[in-house]
Amino acid sequence: MRVQVAIIGAGPAGLLLGQLLYRAGIDSIILERRSGEYVLGRIRAGVLEQAAVDLLDEGGVGKRLHEEGLVHGGIELCFDGVRHRIALADLTGGKHVTVYGQTEVTRDLMDARAAEGGRTIYEAEDVSIHDFDSDRPKVRYRRNGTVHEIDCDFIAGCDGFHGVCRETIPRSAVKEYERVFPFGWLGILADVPPVSDELIYVNHPRGFALCSMRSRTRSRYYLQVPLEEKVESWSDERFWVELKRRVDAEAARTVITGPSIEKSIAPLRSFVAEPMRFGRLLLAGDAAHIVPPTGAKGLNLAASDVRYLSRALIDHYRSGSMKEIDAYSGKCLRRVWKAVRFSWWMTSLMHRFPDTGDFGQKIQETELYYLTGSTAASTSLAENYVGLPFED
Ligand code: FAS
Ligand code: PHB
């Protein structure tokens, strides 16, 4: 079998890339090791930058997003028992973010690909990539006991942090940067109305908390927990009691609690692999980088990479040039590192570390008082949160 682009992974990066290539008349196949239902069952990101919304529109899959997504012009920072609004749109000349779950983005992309007859092989086993340092790369996979081989022009490694693509690259060719945070996020999804119209990021001596949402009737909450914590030791009741101890008094009084429909603990790390291109293999999304979710950048960085990668591949097939392919990794990484910095900064500011102590808590609160009292400082947070500009 031959295809122009073989995409490994049917998460947001792989599906969005496949959709943008399809709209440009470029043939692709997606190989996904899990079932579609399993992929949809993962509860992850919730906030889209305008650039990600624009890309989904470009892919022709923005209809439900515009019907159901919640457009937010601000967030709140809660510290020392008081909430302070960061007016994102006012501070950035009108830029907003849209609250729309990653699950829904993935569903919309899967539905579009199926309707357009795009090829996605789910439950593809033992995917392997070969000869990507030549101009005739190959991909192999097993399905129902039969091994299949695909000849292609390019391989897009969209297979996430634990994928096969980055792991196949010779170790001497990759430089990895990593910082693992000494805590995780315990997340709960519940069909209860959100406690506030906008997201609330909480700095508290007991630990970070986040009040988010998926719609006006479905809420998403997070609590910072120790790394060794087990989700089994957190009953719904224990979660709600702890959340009320960390949020401000009004939120504690008005939060509507209810049974969880999903509850899980995610570790937090910053990770970047450089470069993101190896011959005819190009990495995108979590396959190349991971950020702590504090800055709501993970999914948006995947979209950012796909914006650059789709344009580079379209340019190649239209002009025969490799110029944009050659520039891909550098362009991605300059934007990736700015998001990694912002996510690290916001995580460091909002979380309780083992060595924070009383002095460290006062320093964090003082930085937050300065931040929320300074237009310059708030603008810096706002322009990073809504998404920094792209290079041409
Ligand atoms: P993904 O990991 O989503 O997709 C990769 C796909 O490749 C998966 O479907 C996987 O099954 C498949 N795959 C892996 N190995 C394969 C192989 N060998 N062969 C074939 N397929 C293979 N981001 C936020 O912005 N906010 C959040 O709150 C947030 N919460 C998160 C919670 C968790 C537990 C995790 C893990 C991530 C979270 N993220 C969050 C980040 C997340 O949203 C990612 O940034 C986003 O899923 C990136 O999309 P992809 O790059 O497509 O990677
Ligand atoms: C979410 O709703 O899942 C979410 C929102 C904002 C973040 C992280 C997660 O920074």
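All residue numbers refer to positions in the sequence shown, counting from 1. Whatever order the structure lists ligands and atoms in, that order sets their numbers, starting from 1. For clarity, every value in this text was computed on a predicted model and none was experimentally measured.
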Element-labelled atoms of ligand 1 that are located less than 4.0 Å from some non-hydrogen atom of Tyr222 | 28 (O)
Among all protein non-hydrogen atoms, which one is nearest to atom 34 (C) of ligand 1, and what is the separation to 0.1 Å?
-> Ala266 CB, 3.7 Å
May I ask which of Ala302, Ala45, Ala52, Gly187 has a heavy atom nearer to atom 24 (C) of ligand 1 than the others do?
-> Ala45
Contacting atoms of ligand 1, where contact means under 4.0 angstrom from a heavy atom of Leu299 | 23 (N), 25 (O), 45 (O)
If we only count N/O pairs under 3.5 Å, is Gly46 in contact with ligand 1?
-> no
Closest approach of any protein heavy atom to atom 25 (O) of ligand 1, naming residue and atom = Gly298 N, 3.3 Å
Glu391/Arg335 ion pair, N-O < 4.0 Å | no
Option whose closest heavy atom lies nearest to atom 37 (C) of ligand 1, chosen from Glu32, Arg44, Glu167 | Arg44
Identity and distance of the protein heavy atom lying nearest atom 5 (C) of ligand 1 = Cys158 O, 3.4 Å
Parallel, tilted or perpendicular: rings of Trp185 and His351 (30°, 60°) = parallel
Sub-4.0 Å atoms of ligand 1 with respect to non-hydrogen atoms of Val164 | 18 (N)
Side chain, backbone, both or neither: the part of Arg33 lying under 4.0 Å from ligand 1 by heavy atom = both
same_hphob_cluster(Leu48, Ile43) at 4.5 Å side-chain heavy-atom cutoff | no
Report yes if the distance between the aromatic ring centroids of Tyr308 and Phe390 is under 6.0 Å, otherwise no.
-> yes
So, are Arg218 and Glu68 salt-bridged, with charged N and O less than 4.0 Å apart?
-> no
Under a 4.0 Å N-O cut-off, is there an ion pair linking Arg220 with Glu262?
-> yes
Atoms in ligand 1 with a heavy atom of Gly160 nearer than 4.0 Å | 2 (O), 5 (C), 53 (O)
Cation-pi, Phe342 ring and Lys338 (6.0 angstrom, 45 degrees) | no
Any idea which atoms of ligand 1 are less than 4.0 Å away from a heavy-atom of Leu31?
-> 20 (C), 21 (N)
Flag if over 12 foreign heavy atoms under 6.0 Å of CG, Asp326 | yes
Lys/Arg N to Asp/Glu carboxylate O, Glu58 vs Arg311, below 4.0 Å = yes
Using the ring of Phe154 (Phe, Tyr or Trp, six-membered ring only), decide whether Arg280 places NZ or CZ under 6.0 Å from its centre and within 45 degrees of its axis.
-> yes
In ligand 1, the atoms that come under 4.0 Å of a heavy atom of Gly285 are 51 (O)
Thr257 side chain reached by Leu243 side chain, heavy atoms, under 4.5 Å | no
Anything under 3.5 Å between an N or O on ligand 2 and a protein N or O? List each pair with its distance, or write none.
from, atom 1, to, atom 2, distance (Å)
ligand 2, 2 (O), Ser212, OG, 2.6
ligand 2, 2 (O), Arg214, NH1, 2.7
ligand 2, 3 (O), Arg44, O, 3.4
ligand 2, 3 (O), Arg214, NH2, 2.8
ligand 2, 3 (O), Tyr222, OH, 2.6
ligand 2, 10 (O), Tyr201, OH, 2.8
ligand 2, 10 (O), Pro293, O, 2.7
ligand 2, 10 (O), Thr294, O, 3.2
ligand 2, 10 (O), Ala296, N, 3.3

Which residue owns the protein heavy atom closest to atom 51 (O) of ligand 1, what's the atom, and how far is it?
-> Asp286 N, 2.9 Å
Does NZ or CZ of Arg166 come closer than 6.0 Å to the centre of the six-membered ring of Phe161, within 45° of the ring's axis?
-> yes
Option nearest atom 43 (O) of ligand 1 (shortest heavy-atom distance, choices Gln102, His289, Glu123) = Gln102
When you look for heavy atoms under 4.0 Å from ligand 1, do you find them on the side chain of Arg42, its backbone, both, or neither?
-> side chain
Proximity of Val127 to ligand 1 by residue part, where a heavy atom lies under 4.0 Å | side chain
Would you say the side chains of Thr146 and His148 form a donor-acceptor pair under 3.5 Å?
-> no
Which bit of Ala124 is near ligand 1, meaning a heavy atom under 4.0 Å away: side chain, backbone, both or neither?
-> neither
In terms of residue, atom name and distance, what is the protein heavy atom nearest to atom 4 (O) of ligand 1?
-> Gly11 CA, 3.5 Å
How far is atom 14 (C) of ligand 1 from its nearest protein heavy atom, and which residue and atom is that?
-> Asp159 O, 3.1 Å
With respect to Asn203, which candidate in Gln361, Arg352, Gln224 satisfies the side chain to side chain donor-acceptor pair (under 3.5 Å) definition?
-> Gln361
Salt bridge check: are Glu383 and Lys95 linked by an N-O gap of less than 4.0 Å?
-> no
Specify whether Trp234 and Phe239 have parallel, tilted or perpendicular ring planes, treating 30° as the upper limit for parallel and 60° as the lower limit for perpendicular.
-> perpendicular
Within 4.0 Å of some non-hydrogen atom of Lys297, the atoms of ligand 1 are 25 (O)
Name the one of Tyr201, Phe79, Tyr370 that satisfies ring pair (Phe, Tyr, Trp, His ring centres under 6.0 Å) with His84?
-> Phe79
In terms of atom number and element, which parts of ligand 1 are under 4.0 angstrom from non-hydrogen atoms of Ala13?
-> 50 (P), 51 (O), 52 (O)
